[in-house]
Amino acid sequence: MTETRAAGDRYKWTALTNTTAAVFMSALDGSIVLIALPAIFTGVHLDPLAPGNIAYLLWMIMGYRLVQAVLVVTVGRLGDMYGRVRIYNAGFAVFTFASILLSFDPFDGGHGALWLIAWRVLQAVGGSMLTANSAAILTDAFPAEQRGFALGINQVAGLGGMFIGLVAGGLLAAWDWRAVFWVNVPIGVFFTVWAYRTLRETGKRGGGRIDWWGNVTFAVGLSAVLIAITAGLQPHGGHTMGWSNPLVQILIAGGLVLLAAFVVIENRVKAPMIQLSLFRLRAFTFGNLAGLAISIGRGGLQFVLIIWLQGIWLPLHGYDYESTPLWAGIFMLPLTAGFLAAGPISGYLSDRFGSRGLATGGAALFGASFLGLMLLPIDFGYGVFALLIALNGIASGMFASPNSSSIMGSVPADLRGVASGMRATFQNSGTAVSIGVFFSLMIAGLASNLPHTLTAGLQQQGVPAGVAGQIGALPPVSSLFAAQLGVNPIQHLLEPGGTLAGLTAAQRQTLTGREFFPNLISGPFHSGLVIVFAFGAALAFFAAIASLLRGATSRSSQEKTTVPLTTIDPRSALVVIDLQQGIVDAHRDPAVTAAVKQAAYLAAEFRRHELPVVLVNVTGRAPGRTDAGRAASTAPPPAGWADLVDDLDVRPTDHLITKRRRSAFHDTGLDTLLRDLGVTQIVLAGISTSSGVESTARSGADHGYHVVLATDAMTDPDAVAHRHSVERVFPKLGETATTAEVIGMVEATR
């Protein structure tokens, strides 16, 4: 027993190390490219500020997030069906392969950019397979009392990787733009091999079929909406943004229609892609709403801070445009440090004190940091700025791991893969949407003042009115991307046409110096900042309210094991209570679905080890109090009401027992059957925990059997009654364990 527990402890730390590396690498790659974009565009000889090339730049940023937002639910579902570790391992290999191809771009110009975008899409497919299943693998591997800590480490790695990539991208791009992709290769190869050698399936594979209609409507619908958001940032028809573009409007309307159709389909198919019924779980629903709001705020904040630092603050403080990407990453380190400090601690504290208080406090502090940033002048003192972004990082850390732990701990064990994918979809969609939302708000803030300010400022320095008017009329998005790319747009735009050559030396020096463009744009930019930060604060406070509404959180009642399993007798039998068509159909919800699948898994494993499987159904009602207050009915139950559910896959070797009372031992011959088989221990599962299962457990204990209760393979229409039986009654009758623990003990002792 000690050796089994030690092996389990070793495995959970192996799972944590590998999944943490995967999440870190995937997140690092997103931000490392963001910082390295100037070097990448220079490397493929593409002018990033040419009007037609804005689309390439947007898709380099947005394409990765779009694919992850679309795919994570699907690959999470595939993990539930075919094995989370199997899908995860394949994701590591795909991600590494795509990283290799990204570094060998054979083309120049637009074709070179398309090559990079295409392989970034494949890289995002691999990243989706990793992120969708990593949380589920950890939730399977760690006990409930350590899950918040494990998920906290994993979340810290992901968001920490996003911020560390800002510095790494600047350093690597200074050497060679291909190095930002090379860095993934040795890490990816090592951890791919290690994952294949060490990770194993500890959760149950659900089997079933792929919901093709659901997958197609979800993927196409969400893609259409996110593509529309990307296109909406680009100028159209003389407007600063493309929201009036008929194509954008058609994509948004069509995408929303398809997503509505997806909801209808998921409510009707037998094996849905996602479990919409999970939204009946309060902690799951409000936790994901809070997570979506924080993701929108956090994703947008990163871009705005980079633009603020690279385009205005750093040039005003003497930094060359070419070096601003690297220094922007360095000056944002307090944000990373705050998150890295708070993330693991909050995960540990959430295991001890619950998730709601920490997550709610983190969201509120997140909003307060936005208000503080909104009050800063455009040319701020760095000490105050560093304190505010450190508080923002601490707030993100306080929120992230408790929120994830609450979401994952609220769902049945068999649905953790799809739940992890749904959680990741909310997070990735929030990040992708945030770029569109924050850029749109920033562009709107710039559009009213920037054209006049830019034109007037250029004319004051001797630029001809026609040229100044042309530059002033450029879309504000160009100025934003110029700042993000660390490019001096004034020099970039005036030099090719020879305008600079016709100016005095003093005018040329002023226009191409570090301070002219930042000073020119600072007023309009600050107007946009106020709008953006006010919106971010509103999102954060909405997240705090949603987090508060999730309800009190505690360890899942299905996983509390008050008297842990110690051994499996040489001759044990599985007894499954009342998993029949009429009863299961009457109480179809996520808990029932999970219990049925776990019981079926137990039955399959007991058969594989040639241990007896007893399947019990009920055809009548116990007289007396059961009938009190009910009108007598002579109508027989519907046809098939007492048939065992198909999931149990009844075999000729199974033993079938029919009962008319609550206990499977009462007047059924079950005791005689078990004694004839030499059984000394029974493992119980089924419906309902507080009635049929509990009554059978009492009778089994009275008959002298060693009773084991598989707590995640049973359920009750009354959650309070289920919890009472598991926590108060079962410790007096026998030992409790999860399905995985029972199967692990069977494997270890036979």
Side-chain angles (χ1 to χ4, degrees), residues 34-35 37-38 48-49 57 166 170 240 300-335 369-370 372-389 392 435 438-439 441-458 460-461 471-472 474-494 509-534 536:
L34 176 65
I35 284 292
L37 279 175
L49 295 185
L57 202 152
L166 299 176
T240 56
L301 176 70
Q302 178 181 334
F303 286 99
V304 170
L305 292 182
I306 289 173
I307 294 169
W308 193 358
L309 287 171
Q310 292 183 195
I312 297 177
W313 193 84
L314 286 168
L316 288 178
H317 287 258
Y319 292 86
D320 293 329
Y321 278 99
E322 293 77 10
S323 65
T324 55
L326 172 61
W327 285 104
I330 293 173
F331 279 112
M332 285 177 65
L333 281 176
L335 182 65
S369 69
F370 271 101
L373 288 167
M374 186 171 65
L375 297 175
L376 280 183
I378 199 73
D379 189 12
F380 52 79
Y382 181 72
V384 178
F385 176 82
L387 176 62
L388 286 172
I389 64 173
N392 188 278
I435 299 171
F438 276 68
F439 269 26
L441 291 172
M442 182 62 71
I443 291 169
L446 289 172
S448 59
N449 297 320
L450 183 61
H452 172 74
T453 303
L454 195 54
T455 301
L458 290 171
Q460 287 176 4
Q461 295 300 321
I471 295 176
L474 289 175
V477 68
S478 298
S479 297
L480 285 179
F481 279 124
Q484 183 180 347
L485 292 171
V487 172
N488 184 340
I490 304 302
Q491 180 177 354
H492 189 86
L493 293 169
L494 293 179
Q509 185 176 357
T510 298
L511 287 170
T512 60
R514 301 188 187 101
E515 297 184 5
F516 178 76
F517 179 68
N519 279 323
L520 206 62
I521 198 177
S522 60
F525 186 80
H526 191 261
S527 299
L529 276 183
V530 171
I531 297 173
V532 164
F533 287 147

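The basis for the numbers below is simple: all heavy atoms, side chains too, and nothing from hydrogens, waters or symmetry mates. All residue numbers refer to positions in the sequence shown, counting from 1.
The shortest non-hydrogen separation linking L388 to S369 is O-CB, 3.9 Å.
With a 4.5 Å cut-off on side-chain heavy atoms, L458 and F516 count as touching. No side-chain heavy atom of F331 sits under 4.5 Å from any side-chain heavy atom of L305.
Within the model, atoms CD1 of I378 and CH2 of W308 stand 5.5 Å from one another, a figure rounded to the nearest 0.5 Å. Atom OG1 in T510 sits 11.5 Å away from atom CD in Q460 (nearest 0.5 Å). The CZ atom of F370 sits 13.5 Å away from atom CG of L375, with the distance rounded to the nearest 0.5 Å. To the nearest 0.5 Å, atom CD1 of residue I330 and atom CG of residue L333 are 7.0 Å apart.
Residues that satisfy the side-chain hydrogen bond (donor to acceptor under 3.5 Å, both in side chains) test with W313, not counting sequence neighbours, are H317. Qualifying ring-ring contact (aromatic ring centres under 6.0 Å, His included) partners for H452, counting only residues two or more places apart in sequence or in other chains: none.
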Q: Might you work through the side-chain contact (heavy atoms from CB on, under 4.5 Å) test for W327 and L309, ending with a clear yes or no?
A: CA-CA 9 Å; W327 285 104; L309 287 171; over 6 Å; no

Table please: side-chain donor-acceptor pairs of residues 517-534 below 3.5 Å, with sequence neighbours left out.
from, atom 1, to, atom 2, distance (Å)
N519, ND2, E515, O, 3.1
S522, OG, N519, O, 2.9
H526, NE2, L376, O, 3.3
S527, OG, G523, O, 3.4

